[in-house]
Amino acid sequence: MTVSFDVATIWAFIIAFAVFVYVVMDGFDLGLGILFPLFPEKSDRDVIMNSVAPVWDGNETWLVLGGGGLMAAFPLAYAVLMPAIYTPVIAMLIGLVFRGVAFEFRWRTTQVERNRWDIAFAGGSSVAALAQGIALGAILQGVHVEGRHYAGGWWDWLTPFTVLTGISLVAGYALLGATWLVMKTEGGLRDKAYRLSWLLLFAMLGAIGAVSIATPFLHVQYAQRWFTWPNLILTAPVPIAVAAVTIMLLRSLAVRQDYRPFFLSLALFALSYAGLGISMYPYIVPQSITIWQAASPERSQIFMLFGVAVLVPLILGYTAWAYWVFRGKVKPESGYH
């Protein structure tokens, strides 16, 4: 597998980076919503919301950057992929809207109405996470392309594999949410988060294994990429690293280290994401359109690079500053709201 670092490849890495940052940063936020029904006490729910309140609404910046970058830098891929995943994308956006509105409104209503907004927050988070996983699976399994157009049907996105990837992402986000609570909370809430982290870690490992087994059966190129020589030299370190990170994560949970489980969970996501990139490269629409075939004119991509060179460091800077300012444990008597 040879990587040629031309402008199109650079843009592919920029978009991949933006999507990955969105997944890991909004993932624990969605994970908190997924876990919300498991914490019925109002005081616990208030702490959970306050743990993420200062930073949650900036996470979608990366989603906009990834989607906007795809449309601008790879318009053909955008035109082909969007009709193939309209339904899960619309479901994701509706879920994000419900979650965002519920996040603010639950603090400004009576108890009965707050319960309704709590349901909206949990439901919106779960739907958004499931839809993201299904969309990912739909792209990975490939779409029917004829010429320069999507030629598949309305329901092509719904298959056993996409349902598997959807459930897998829900489990992964829930693990991020649980380990976030381990890092940010104290007392009984943290103890319950530790217990959930154990269960969710094994659920995520099972999901990684199931998706890894199923993926090579989607296309013969996937199997060749992972299991033929000399590609095996490049691909073997990924499962080895997953095993090593898993051992460290199990140990950190066993000795109750508050901070390490969250960052090790992020490492599992990074390795899974790397495996996805290994499977797909150099295709941006798997087995149909490469990043060079989908790229906009080179001059346009170069022009946009100047904007990204300014924008991305700014976003990273204010994001890091926000997390630094609101670092530390969240206590019941204090909070953002």
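Position 1 is the first residue of the sequence, and the numbers go up from there. Source: prediction; values computed, not measured.
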Reported [atom1]-to-[atom2] distance for the pair [X] and [Y], which is rounded to 0.5 angstrom:
X	Y	atom1	atom2	value
Met25	Thr61	CE	OG1	8.5 Å
Leu268	Met248	CG	CE	9.0 Å
Ile119	Phe98	CD1	CZ	12.0 Å
Phe121	Met49	CZ	CE	4.5 Å
Leu249	Gln257	CG	CD	10.5 Å
Leu96	Gln132	CG	CD	6.5 Å

Got [X] and [Y] here, is their nearest side-chain heavy-atom distance under 4.5 Å?
X	Y	answer
Phe303	Ser300	no
Pro286	Ile139	yes
Leu169	Leu130	no
Arg99	Leu30	yes
Val182	Ser197	yes
Val23	Tyr173	yes
Phe263	Met183	yes
Leu250	Phe202	yes

message: Show, in sequence, the C-alpha distance, side-chain angles and deciding distance for Val55 and Asp29, and conclude whether the side-chain contact (heavy atoms from CB on, under 4.5 Å) test is met.
response: CA-CA 9 Å; Val55 296; Asp29 181 3; over 6 Å; no

What do you reckon, is [atom1] of [X] surrounded by more than 12 foreign heavy atoms closer than 6.0 Å?
X	atom1	value
Phe39	CZ	yes
Phe105	CZ	no
Tyr323	OH	yes
His149	NE2	no
Arg251	CZ	no
Tyr318	OH	yes
Glu186	CD	yes

[X] (side chain) donor-acceptor with [Y] (main chain) under 3.5 angstrom:
X	Y	answer
Asp26	Tyr22	no
Lys329	Thr185	yes
Thr165	Gly133	yes
Arg327	Trp324	yes
Ser265	Leu176	no
Tyr273	Ala16	yes
Tyr150	Gly153	yes
Lys184	Val52	no

Considering all heavy atoms of both residues, which atom of [X] and which atom of [Y] are nearest to each other, and what is their separation?
X	Y	answer
Lys192	Pro40	NZ-CD, 4.3 Å
Ser252	Arg260	CB-CB, 4.0 Å
Ser51	Val330	CA-CG2, 3.6 Å
Gly33	Ser125	CA-OG, 3.5 Å
Tyr259	Gly328	OH-CA, 4.3 Å
Pro88	Ile134	CB-CG2, 4.3 Å

Salt bridge present between Asp46 and Lys42 (N-O < 4.0 angstrom):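 Yes, Asp46 and Lys42 are salt-bridged.
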
task: Please test Asn50 against Phe326 for side-chain contact (heavy atoms from CB on, under 4.5 Å), starting from the C-alpha separation and ending with a verdict.
output: CA-CA 10 Å; Asn50 278 320; Phe326 294 99; over 6 Å; no

Stepwise side-chain contact (heavy atoms from CB on, under 4.5 Å) test for Leu35 and Leu200: CA-CA 11 Å; Leu35 296 176; Leu200 292 168; 3.9 Å; yes

[X] and [Y]: same hydrophobic cluster, using ILVMFWY side-chain contacts below 4.5 Å?
X	Y	result
Val163	Ile85	yes
Ile15	Met71	yes
Leu199	Leu38	no
Tyr86	Trp157	yes
Leu264	Val255	no

- prompt: Mind checking what makes side-chain contact (heavy atoms from CB on, under 4.5 Å) contact with Thr159, not counting sequence neighbours?
  reply: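 Applying side-chain contact (heavy atoms from CB on, under 4.5 Å) to Thr159 gives Gln141, Phe161, Thr162.
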
message: Run the ring-ring contact (aromatic ring centres under 6.0 Å, His included) test against Trp11 and tell me which residues pass, sequence neighbours left out.
response: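 So Trp11 forms no ring-ring contact (aromatic ring centres under 6.0 Å, His included) with any residue.
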
field: Phe262 and Phe28 aromatic ring geometry - parallel, tilted or perpendicular at 30°/60° bounds
entry: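 Because their plane-to-plane angle is over 60°, the rings of Phe28 and Phe262 count as perpendicular.
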
task: With side-chain contact (heavy atoms from CB on, under 4.5 Å) as the test, would you mind laying out the steps for Leu136 and Leu276 before giving the verdict?
output: CA-CA 10 Å; Leu136 172 64; Leu276 174 65; 3.5 Å; yes

- prompt: So, Thr9 versus Asp6: side-chain donor-acceptor pair below 3.5 Å or not?
  reply: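 Judged by distance alone, the side chains do pair up.
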
